[in-house]
**Q** 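Sharing a structure below in structure tokens format, with a few things to ask.
Throughout, residue positions are numbered sequentially from 1 according to the sequence presented. Reckoned from all heavy atoms, side chains included, excluding hydrogens, waters and symmetry mates.
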Amino acid sequence: MAHNVKLRRDEFADQAAALGLDSQSAQARAIGVHVSIHNRVITGKTKDLSGPYVIGILRLLGDDTVREQIEALFDVDEQVAS
């Protein structure tokens, strides 16, 4: 079974702003993706969210339990796309 995943952009913007991440470039750095990837998601030009993008969002906005589960279940390469 395939899953279609779409970012709830307004909710993301609110939570990112609460962290002081008001620009797309600051948000992309915090997520760990290139700003062009983040821009395509935010502007709705892409509907296919990559694993690194989703993991980055969860690590950024999730609580300690979410981050611990990510670390326990996945090998996450810390290399940030440039």
Side-chain angles (χ1 to χ4, degrees):
M1 173 190 315
H3 293 48
N4 293 320
V5 179
K6 182 178 175 184
L7 181 67
R8 293 183 177 158
R9 296 178 296 197
D10 291 339
E11 181 66 26
F12 170 79
D14 291 346
Q15 290 190 37
L19 295 174
L21 302 170
D22 295 322
S23 71
Q24 287 185 16
S25 59
Q27 294 164 0
R29 277 192 304 277
I31 296 167
V33 297
H34 193 275
V35 68
S36 65
I37 293 169
H38 184 55
N39 177 266
R40 286 193 297 271
V41 172
I42 293 298
T43 59
K45 292 179 182 169
T46 186
K47 293 180 173 69
D48 297 324
L49 303 182
S50 69
Y53 189 89
V54 172
I55 293 288
I57 294 282
L58 292 172
R59 290 174 85 188
L60 175 64
L61 300 178
D63 62 15
D64 288 342
T65 302
V66 169
R67 285 188 283 277
E68 288 170 7
Q69 287 179 318
I70 290 168
E71 298 305 320
L73 295 171
F74 302 99
D75 289 323
V76 180
D77 184 358
E78 296 297 333
Q79 182 178 4
V80 176
S82 56

**Q** Should Leu60 and Ile42 be regarded as members of a common hydrophobic cluster, given that ILVMFWY residues are connected when their side-chain heavy atoms come within less than 4.5 Å of each other, either directly or indirectly?
**A** yes
**Q** Can you tell me how far the NE2 atom of His38 sits from the OG1 atom of Thr43, to the nearest 0.5 Å?
**A** 10.0 Å
**Q** What's the shortest heavy-atom distance between Tyr53 and Ile37, and which atoms?
**A** CD1-CG2, 4.2 Å
**Q** Side chain to side chain contact (heavy atoms under 4.5 Å, CB included) with Ile70: which residues, sequence neighbours excluded?
**A** Ile55, Leu58, Arg59, Val66, Phe74, Val76
**Q** So, using side chain to side chain contact (heavy atoms under 4.5 Å, CB included) as the criterion, who are the partners of Arg9 when residues are at least two apart?
**A** Leu7
**Q** Are Val41 and Val35 linked, directly or through intermediate hydrophobic residues, by side-chain heavy-atom contacts shorter than 4.5 Å (ILVMFWY only)?
**A** no
**Q** Report the residues that fulfil side chain to side chain donor-acceptor pair (under 3.5 Å) with Ser36, sequence neighbours left out, ordered by chain and then residue number.
**A** His34
**Q** Kindly list each side-chain donor-acceptor pair under 3.5 angstrom involving residues 12-24, sequence neighbours excluded, with atom names and distances?
**A**
{"from": "Gln15", "atom 1": "NE2", "to": "Glu11", "atom 2": "OE2", "distance (Å)": "2.7"}
{"from": "Ser23", "atom 1": "OG", "to": "Ser25", "atom 2": "OG", "distance (Å)": "3.2"}
{"from": "Ser23", "atom 1": "OG", "to": "Ala26", "atom 2": "N", "distance (Å)": "3.1"}
{"from": "Gln24", "atom 1": "OE1", "to": "Asn39", "atom 2": "ND2", "distance (Å)": "2.8"}

**Q** Say whether Leu49 and Ile57 are linked into one hydrophobic cluster, either directly or through other cluster members, by side-chain heavy-atom distances under 4.5 angstrom.
**A** yes
**Q** Name all residues meeting the side chain to side chain contact (heavy atoms under 4.5 Å, CB included) criterion together with Asp64; count only those two or more places apart in sequence or in a different chain, and write none if there are none.
**A** Arg67, Glu68
**Q** Does Asn4 CG have over 12 foreign heavy atoms under 6.0 Å away?
**A** no
